[in-house]
K.L.:
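I am attaching a structure below and will ask some questions about it afterwards.
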Number of protein chains: 4
Amino acid sequence: MVDAVSHNVDLASGSTWSPREVELLEVTLQLLQENGYDRLTVDAVAATARASKATVYRRWPSKAELVLAAFTEGIRQVAVPPETGTLRGDLLRLGELVCQQTAQHAGTLRAVLVEVSRNPALNEVMQHQFVDQRKALMNHILGQAVDRGEIEATAIDDDLWDVLPGYLIFRSLVSGRAVTPRTVANLVDQVILPGLTRGAR
Amino acid sequence: MVDAVSHNVDLASGSTWSPREVELLEVTLQLLQENGYDRLTVDAVAATARASKATVYRRWPSKAELVLAAFTEGIRQVAVPPETGTLRGDLLRLGELVCQQTAQHAGTLRAVLVEVSRNPALNEVMQHQFVDQRKALMNHILGQAVDRGEIEATAIDDDLWDVLPGYLIFRSLVSGRAVTPRTVANLVDQVILPGLTRGAR
Amino acid sequence: MVDAVSHNVDLASGSTWSPREVELLEVTLQLLQENGYDRLTVDAVAATARASKATVYRRWPSKAELVLAAFTEGIRQVAVPPETGTLRGDLLRLGELVCQQTAQHAGTLRAVLVEVSRNPALNEVMQHQFVDQRKALMNHILGQAVDRGEIEATAIDDDLWDVLPGYLIFRSLVSGRAVTPRTVANLVDQVILPGLTRGAR
Amino acid sequence: MVDAVSHNVDLASGSTWSPREVELLEVTLQLLQENGYDRLTVDAVAATARASKATVYRRWPSKAELVLAAFTEGIRQVAVPPETGTLRGDLLRLGELVCQQTAQHAGTLRAVLVEVSRNPALNEVMQHQFVDQRKALMNHILGQAVDRGEIEATAIDDDLWDVLPGYLIFRSLVSGRAVTPRTVANLVDQVILPGLTRGAR
DNA sequence: TCATAAGCGAGACGGTACGTCGTGTCTTACG
DNA sequence: CGTAAGACACGACGTACCGTCTCGCTTATGA
């Protein structure tokens, strides 16, 4: 059973960038969203930040890693648990959050994916930044639902916890079909909640 | 005079590649899977195929379109409906099929994903090759389940029909977590089937 | 005894640069004389010649070799034997020629010297372009003087043939003392000619 | 308070280097001879001397001046007159000395030559260290020869006094042809002495 | 039978981004 | 205060790739 209370989400920390580094990452993210991955040039990043290319390459050994760092930094929004009071409300809120983040960074994410599959270190970071954080969040939500008696603790599957965000990411990233709030609502009501409450049938 | 013989017309997809073109696409696909999109070079394709770059660019106006063509050529496959006799069996079979295909083309898929967001034509092809085909398959499976009385026709959602393949693809492609047969079974039993039969509760 | 007649000086040939290469070398030489060796950039050469850097580096593997090539190309003035009719006149003319060439390219020569001492291949070229040509010229001059009976054939030393140009080059290149026509005249009259005619004493 | 002891005043040249500075110059000279001018890096000098780059740049405002200082420090040497008793003996001894010195510092000399043309101060030092010293020596030798009646005083030319060392330096530094004792002997016997005694003909 | 063309290999080319490295300036922390 | 350590801006170097182009060589038809 998941301990929903003592779990320390601690999403805000995890990386320690110096002010200069944060500045570089912000510039990178900015240019990334304006131009896309391969029209972004490291020279442009350096020039915009009034930095030297050496300064950039001292921290991140390649353009791909720079972009990944900028991306994970940009994505790390303070993932405060929704706390709407109901499981359904929490899930809807979570779904909207995922959609918003994914839509915003879809191009970047796709670009980064290629590198991630090649570089185990990047994969590591990616997993930590993306997966683990979201899992903690989900556990928190489900744990509260268990506490409130909305679902049974046995309904929580350690393998399939990410169907909600995963499918939404698939929709934005792989399938070209846009996700609407209606889509999220249907997903929660027709798929996720039935799956979680199937034991109550 | 048109030579009706020397053109290998593939009626299933409508594409018409000459033997030389197929050869180039095969080389491209090979190198694509080995190196990924951006470590694949057109020079390497030409050199490996003992062709001139002009020969490549005469057919496909850019590296992206070359890769797209190679990819769509590579993943073209007939989707035979499972026909196991039960909805659960069909879904399990479908899930395994998706996993197998995705695993096989994971590198290529990731590589192509980058281009999908940039190239509307590629997106079009992607939808046709991957999505529509699968949707027809899914509709067939669900239609039979309705006929057998396993689920109600209203349970079929035109928007969320791809949760099963979509989540599995997410797992292989985006998340780094491998998919096991157990995962597929759990997904079908704990998420998909409860969603489809929720009205029968 | 040196054969002054059958010796084929052939100074105009010896290198076969394509028109494009000649163009690049001319631009290089131009910028070289304007800016000096290390304020010359390969980027500037390429840009000025409306060429790609790759085009430059395809022919010459480094900036140093490019500059050397440009230099030797620039220096290869049609070294037509003076033919003034007297040994003294020929030597004076030769001295003036050496002074003029050396003064014009002093900076470049010094820059190239550093590379030459490191790269045996460059040294080879340098020897051929500079030394061998001048030696042929000198042999031609001395051979005619022998034919005219001005000096004896035994006065020609195969090791010390380059005292005249060598000392003049030293003056321009190493010592900072400028060479005047008076210097050349004195050198010929007080050093070179006495050395060549010492046997007639 | 001025520390009059810790300054190692070299009265012969007027330079005043502290022990730490001498250490830096020695390292510089060492690396200069090993690598040549432009493969020598200030970073390497600092690192080898376990010093900071700031420490280097505090004393010498540029790499060129550092190298100049190291060079002049390295070649400073007392020029003892040969005193063999005959002009020919003195000249041979002088020639051998020049060859030995030049060979020893060939790399450094070539490296420094590049800077000489750019830096008037360096040129100044070069003249003083190399030329003037040698000129005094030559004057001494020739003066003694005049005293002994070997040559006439009018044979001494104020412009061409350095043909002997100049040509030898040319041979070592510019031309790639090595200088042998035989070369020196021939030079003295066939060129220098005939030039000096030409009036006696 | 020969010529005119069309496809092809080979690969040079302009352009442009990458990642590296060196200079000379500067800051920080130590002794 | 001088120093070691090293980050920093600037900018050149040399490499690699894309997409275009020209050059000959082969082949395949049309007079």
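Letters go in sequence order (proteins before strands), and every chain restarts at 1.
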K.L.:
Round to a whole Å and report the spacing from CD of B:E65 to P of F:dC18.
P.N.:
15 Å
K.L.:
Taking any heavy-atom pair under 4.0 Å as a contact, classify B:R50: base, sugar-phosphate, or nothing.
P.N.:
sugar-phosphate
K.L.:
Decide side-chain contact (heavy atoms from CB on, under 4.5 Å) for C:H105 and C:Q33; before the verdict, give the C-alpha distance in whole Å, the side-chain angles of both, and the deciding distance to 0.1 Å.
P.N.:
CA-CA 8 Å; C:H105 301 288; C:Q33 287 169 345; 3.2 Å; yes
K.L.:
Please determine if a side-chain N or O atom of C:R58 lies less than 4.0 Å away from the OP1 or OP2 oxygen of E:dC13.
P.N.:
yes
K.L.:
Could you pull out all residues at least two apart from B:F71 that satisfy ring-ring contact (aromatic ring centres under 6.0 Å, His included)?
P.N.:
none
K.L.:
In whole angstroms, how far is the C1' atom of E:dC13 from the CG atom of C:L24?
P.N.:
11 Å
K.L.:
What integer distance in Å separates C:E23:CD from E:dA12:P?
P.N.:
17 Å
K.L.:
Side-chain donor-acceptor pair under 3.5 Å between A:S18 and A:E21, yes or no?
P.N.:
yes
K.L.:
Consider side chain to side chain contact (heavy atoms under 4.5 Å, CB included). Of C:L68, C:T28, C:L25, which one does C:W60 pass it with?
P.N.:
C:L25
K.L.:
Just by protein heavy atoms under 4.0 Å, how would nucleotides 20-27 of chain E read 5' to 3' in B, S and -?
P.N.:
BBSBBBB-
K.L.:
Give, for atom OH of C:Y37 and atom CG of D:D38, the distance between the pair rounded to the nearest 0.5 Å.
P.N.:
6.5 Å
K.L.:
Which whole-number value in Å describes the distance from A:W60 CH2 to E:dG19 P?
P.N.:
14 Å
K.L.:
Kindly say if C:R20 contacts the phosphate of E:dG14, meaning a side-chain N or O under 4.0 Å from OP1 or OP2.
P.N.:
yes
K.L.:
Nearest 0.5 Å please: distance from the CG atom of B:L66 over to the CG atom of B:L24.
P.N.:
8.0 Å
K.L.:
Hey, is the side chain of D:T55 poking within less than 4.0 Å of OP1 or OP2 on F:dT3, counting only N and O atoms?
P.N.:
no
K.L.:
Closer to the 5' end of DNA chain E via nearest nucleotide, is it B:A51 or C:A46?
P.N.:
B:A51
K.L.:
If only side-chain N and O atoms of C:R59 are considered, is one of them under 4.0 Å from the OP1 or OP2 phosphate oxygen of F:dG14?
P.N.:
no
